[in-house]
2 protein chains.
Amino acid sequence: MKKENHNINLKNSNLKVTPQRMAVLEALNNLKNHPTTENIKEYVVKNHPNIAVGTIYKTLETFVEKGLVKKVKTEKDVMRYDAIIENHHHLYCEDSERIEDFFDDELNNMLEIYFKKKKIPNFKVKDIKLQIIGTFKGNKS
Amino acid sequence: MKKENHNINLKNSNLKVTPQRMAVLEALNNLKNHPTTENIKEYVVKNHPNIAVGTIYKTLETFVEKGLVKKVKTEKDVMRYDAIIENHHHLYCEDSERIEDFFDDELNNMLEIYFKKKKIPNFKVKDIKLQIIGTFKGNKS
DNA sequence: TCCTAATTAAGAATTATTCCTATTTAGTAA
DNA sequence: TTACTAAATAGGAATAATTCTTAATTAGGA
């Protein structure tokens with residue numbers, strides 16, 4: 001099921017289905033919380049020791065180009081990846097590296113209406129992402 | 001006037017006022033549009049050729065720690081800096097590297113009210129930043 | 001003016017990423 | 001099934017960015 005989805009994703013993007021690409025997709029699916037490049041490298045190398053590191057970099061680049069994954073904007077110096085393409089916002093924990101997805105259609109509507117009414121001079125709005133900074137209650141991860 | 005402000009900033013943060021730090025602050029003030037580390041290095045080295053590169057890195061790190069500047073989130077792999085600490089959002093150009101500040105109190109109020117009413121489970125909101133993605137009309141920079 | 005902890009210069013060391021090229025492989029068509 | 005070809009990969013060298021180390025210098029206070 002999951003493997004089939006991967007096949008479909010790759011084929012839709014006119015990418016050949018290779019074991020290396022499957023391995024990177026597997027990593028993206030199994031690593032939660034917006035993995036860093038290092039997280040992904042580690043996972044892939046662990047599970048598929050014969051895959052070259054350069055290939056992982058190249059594969060990620062290809063996926064970003066094709067829109068299969070997105071890069072997450074972050075305050076730290078490391079890049080993170082997001083396997084979910086649907087429109088969503090991010091919750092950033094002040095105390096940890098945790099980043100969670102946040103879906104809220106009501107909020108999206110409100111923002112859309114707001115920016116339809118209130119134009120920004122010389123700027124055409126195409127998309128809006130919220131970075132909601134705060135702290136998670138309870139479990140410290 | 002500007003120099004005095006720098007002095008005040010540094011002293012308030014319990015940092016010694018050194019020529020190296022003044023030079024980095026000068027760069028941050030003169031370079032518009034959220035300079036990259038490279039922009040800053042280039043500016044400082046050009047105007048003060050005897051300042052070591054390592055010192056520039058260390059100084060920027062110190063400033064971020066003390067809250068004198070902030071890092072800007074970016075999709076690309078490069079970090080950018082923001083000398084403005086006041087609360088504001090960012091306009092990202094899809095077609096160029098341009099990032100502009102965006103101030104809007106009405107928007108801030110609307111968001112504050114929204115998140116006061118609509119709680120996010122297990123999360124305490126402290127701050128909200130918008131990444132407004134789109135294109136600038138007219139001048140291509 | 002002197003003292004001391006903080007800061008810096010200089011360049012070596014480390015780390016992450018990109019680049020290069022020969023080899024291999026996925027997909028296609030006969 | 002086999003053969004073909006463009007695309008993809010392995011492996012490691014090369015590059016680039018950043019951090020680290022240590023001796024020398026300096027800012028700020030007594």
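Because only heavy atoms are used, hydrogens play no part in the values below, and waters and symmetry mates are left out as well, while side chains stay in. Order of the sequence lines sets the chain letters (A, B, ...), proteins ahead of strands, with each chain counted from 1.
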Sorted by chain and number, sequence neighbours left out, ring pair (Phe, Tyr, Trp, His ring centres under 6.0 Å) with B/F123 holds for A/F136
Specify the angle, to 10°, made by the local axes at the two ends of the helix from C/dT1-D/dA30 to C/dA30-D/dT1 when five pairs are taken at each end. 40°
Nearest-nucleotide wise, let me know which of B/R21 and A/V53 is further upstream toward the 5' end of DNA chain C. B/R21
Atom pair distance, as rounded to whole Å: CD1 in A/I56 and P in D/dG12: 15 Å
How long is the line joining CG of B/L60 and P of C/dT8, in whole Å? 12 Å
Side-chain donor-acceptor distances from residues 51-59 of chain B under 3.5 Å, at least two apart:
residue: B/Y57; atom: OH; partner: B/K41; partner atom: NZ; Å: 3.0
residue: B/T59; atom: OG1; partner: B/T55; partner atom: O; Å: 2.6

Heavy-atom nearest pair, A/L60 first then A/T37, reads CD1-CG2, 4.3 Å
side-chain contact (heavy atoms from CB on, under 4.5 Å) with B/K118: which residues, sequence neighbours excluded? A/D104, A/E106, B/Y114
Starting from the 5' end of DNA chain D, give me the residue, A/T55 or B/E38, whose nearest nucleotide shows up first. A/T55
Using 30° and 60° as the class limits, which term best fits the ring planes of B/H90 and B/H34: parallel, tilted or perpendicular? perpendicular
Here's a test of your reading of the structure: between A/K58 and A/G54, which maps to the more 5' nucleotide of DNA chain D? A/K58
Between atom CG in B/N14 and atom P in C/dA5, what is the gap in whole Å? 17 Å
Would you say A/K41 reaches C/dT17's phosphate, i.e. side-chain N/O to OP1/OP2 under 4.0 Å? yes
Does the side chain of B/Y57 get closer than 4.0 angstrom to OP1 or OP2 of D/dT19 through an N or O atom? no
Might you point out which heavy atoms bring A/S13 and A/L68 nearest each other, and give the distance in Å? OG-CD2, 3.6 Å
Name the pairs: protein N/O against N/O of nucleotides 27-30 of chain D, kept only if under 3.5 Å.
residue: D/dA27; atom: N3; partner: B/K16; partner atom: NZ; Å: 3.4
residue: D/dG28; atom: OP1; partner: B/V17; partner atom: N; Å: 2.8

Nearest heavy atoms of A/V44 and A/A23, plus distance in Å: CG2-O, 3.9 Å
OP1 or OP2 of C/dT25 sitting under 4.0 Å from any side-chain N/O of A/Q20? no
Integer-rounded Å distance: C/dA16 C1' and A/I40 CD1: 14 Å
Write down the distance between CD1 (A/I51) and C1' (C/dT25), rounded to a whole number of angstrom. 14 Å
Look at the side chain of B/A52 and decide which nucleotide, out of D/dG11, C/dA9, C/dT8, has an atom nearest to it. C/dA9
For a quick test of reading the model, state the closest non-hydrogen atom pair linking B/L130 to A/F115 and the distance between them. CD2-CE1, 4.1 Å
Residues in salt bridge (Lys or Arg N to Asp or Glu O under 4.0 Å) with A/E38, at least two apart? none
B/E61 CD to D/dC20 P, straight-line distance once rounded to whole Å: 8 Å
Would you mind reading off the distance between B/E65 atom CD and C/dA6 atom P, rounded to a whole angstrom? 14 Å
